[in-house]
There are 2 protein chains.
Amino acid sequence: MSAARPRFREQFLQAREDAIVESVNRLLAEKGFEAMTVDEVVADVGIAKASLYKHFTSKEELAAAAMVKVLDRALDELARLRGLELNALGRLQAVARWAYEQQIAGQMPALPSQNSTLRAALVGDKAYMDRLVQLSDELGGWILEAQGQGHLNAALPPELVLYTLFARACDPVLGVLRASGAHSDAQIVDWLVTTCFKGLAG
Amino acid sequence: MSAARPRFREQFLQAREDAIVESVNRLLAEKGFEAMTVDEVVADVGIAKASLYKHFTSKEELAAAAMVKVLDRALDELARLRGLELNALGRLQAVARWAYEQQIAGQMPALPSQNSTLRAALVGDKAYMDRLVQLSDELGGWILEAQGQGHLNAALPPELVLYTLFARACDPVLGVLRASGAHSDAQIVDWLVTTCFKGLAG
DNA sequence: GTCTATAAAGCGATAGAC
DNA sequence: GTCTATCGCTTTATAGAC
């Protein structure tokens with residue numbers, strides 16, 4: 001163990017890890033897990049591949065680190081929303097809006113639900129699972145509250161509502177609609193929040 | 001050109017191609033485009049890889065052939081629905097229901113919207129594009145009709161409704177809800193059709 | 001057209017010098 | 001810890017005999 005200025009060294013390494021995770025987050029949002037290569041990540045950060053593997057032992061662990069970060073941002077947003085004067089439905093709609101805005105900003109990593117080795121790495125990651133459970137618990141509470149107030153369809157199982165919110169956070173409709181270039185980002189987000197909660201019907 | 005029983009030979013080759021496309025369709029529905037390997041396809045059909053490449057010149061072309069088949073099935077369903085006594089909204093809901101049932105049956109191939117080489121192969125495939133345009137046109141007409149009758153939210157651009165229907169056909173919510181094992185397939189389909197058209201709100 | 005065998009390339013991960 | 005160089009594996013695609 002070196003004794004000389006361990007603080008500086010520590011901070012430098014932490015900053016490098018943050019840079020890696022930030023690149024991974026952006027690349028995952030851009031192209032998804034399978035299309036993202038470790039070579040791209042290291043080229044983007046400007047380090048050698050072997051250096052990256054000193055910080056993270058696998059590509060899956062990289063993705064897990066990015067997911068931890070996005071879950072932290074989501075939990076921060078939930079905390080912020082609790083401080084506002086909104087009912088449960090309003091908070092849930094605000095969460096959906098936040099997720100769409102993250103996606104527009106290129107900050108919403110997209111992971112394939114099919115990849116088994118990735119899923120195994122995620123469920124084995126305590127930092128990830130803890131945050132996922134906490135997020136699900138808090139949202140679950142809001143869902144029950146909104147259903148009790150008659151603001152959410154009480155005939156739907158809360159888990160269905162929760163899964164739907166998670167799925168809509170990565171809704172590909174946003175991307176194709178945005179690529180058409182015919183509407184503003186704000187307009188698109190409004191429409192998507194509307195269709196999520198009120199559906200397509202008139 | 002051989003002159004001996006060309007009909008039989010032709011039919012045999014057609015049957016083999018059909019078997020290939022059927023395998024591709026199932027594997028695409030199971031694991032998606034990137035996770036599906038050509039080796040799996042040929043192992044499933046029981047032929048050599050070089051034989052497959054005599055019928056299809058690339059993995060992308062395989063996927064396109066599977067998409068043509070599923071679009072044909074969709075167009076057949078649209079023709080069937082036109083013969084029923086349903087208004088435009090009812091037909092659109094029936095199409096959504098049909099798509100969910102295809103997904104449950106493992107017959108709805110899932111293609112990544114990000115893969116650029118795949119997209120290029122698809123837009124360059126006339127058979128695929130013709131069917132996609134025809135399907136979009138017919139659904140677009142129903143959407144306008146339902147909006148005119150006040151049964152669909154007329155404030156939403158028709159393209160948004162169309163993209164949403166396409167996206168919901170591959171909605172991952174169905175898979176995770178089904179994996180939980182707590183509900184019947186019919187119940188899940190009903191819920192998803194409801195959330196698609198009426199949203200989560202009560 | 002179908003087969004066996006192999007080429008060609010991409011990618012995740014690591015060895016070993018510094 | 002970081003680098004260069006490379007391993008080892010997977011996967012797409014093809015060559016050449018039959």
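Here is the naming used below: chain letters follow the sequence lines, and residue numbers restart at 1 for every chain. Just so it is clear, the values below take in all heavy atoms, side chains as well, and ignore hydrogens, waters and symmetry mates.
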For a quick check of understanding: with a heavy-atom distance under 4.0 Å over all strands, which category does B:K54 fall into, base, sugar-phosphate or nothing?
base
Rounded distance in Å - [atom1] ([X]) to [atom2] ([N]):
X     : N      : atom1 : atom2 : answer
A:L52 : D:dT2  : CG    : P     : 10 Å
B:E61 : D:dT14 : CD    : P     : 11 Å
A:K59 : D:dT10 : NZ    : C1'   : 13 Å
A:K31 : C:dG10 : NZ    : P     : 13 Å
A:E34 : D:dT10 : CD    : C1'   : 14 Å
B:K49 : C:dA5  : NZ    : P     : 14 Å
B:I20 : C:dT2  : CD1   : C1'   : 12 Å
A:D39 : D:dT4  : CG    : C1'   : 13 Å

For [X] and [N], is the shortest distance between a side-chain N/O and OP1 or OP2 below 4.0 Å?
X     : N      : answer
B:S51 : C:dC3  : yes
B:T37 : D:dT11 : no
A:Y53 : C:dT14 : no
A:R16 : D:dT2  : yes

Does a salt bridge link B:R131 with B:D125, judged by any charged N lying under 4.0 Å from a carboxylate O?
no
Salt-bridge present (B:E30, B:R26; N to O < 4.0 Å)
yes
Side chains of B:V42 and B:I20: does their closest heavy-atom pair fall under 4.5 Å?
no
Distance under 6.0 Å and angle within 45° of the ring axis: does B:K59 meet both against B:F33?
yes
Are the side chain of B:Q147 and the backbone N or O of B:L156 linked by a donor-acceptor pair below 3.5 Å?
yes
Look at the side chain of [X] and decide which nucleotide, out of [options], has an atom nearest to it.
X     : options               : value
A:A50 : D:dT12, C:dA13, D:dT4 : D:dT4
B:L13 : C:dG12, C:dT2, D:dT4  : C:dT2
B:H55 : C:dT2, C:dA13, D:dT12 : C:dT2
B:E60 : D:dT2, D:dA13, C:dT2  : D:dA13

Residues B:E145, B:H151; criterion side-chain contact (heavy atoms from CB on, under 4.5 Å); working and verdict:
CA-CA 9 Å; B:E145 190 181 341; B:H151 297 159; over 6 Å; no
Would B:S23 and B:N25 satisfy side chain to side chain donor-acceptor pair (under 3.5 Å), going step by step from the backbone distance to the final call?
CA-CA 5 Å; B:S23 270; B:N25 187 78; over 6 Å; no
Given the rule that a pair is Watson-Crick or G-U wobble with both distances under 3.5 Å, how would you write DNA chain C in dot-bracket, using | for pairs to a different strand?
||||||||||||||||||
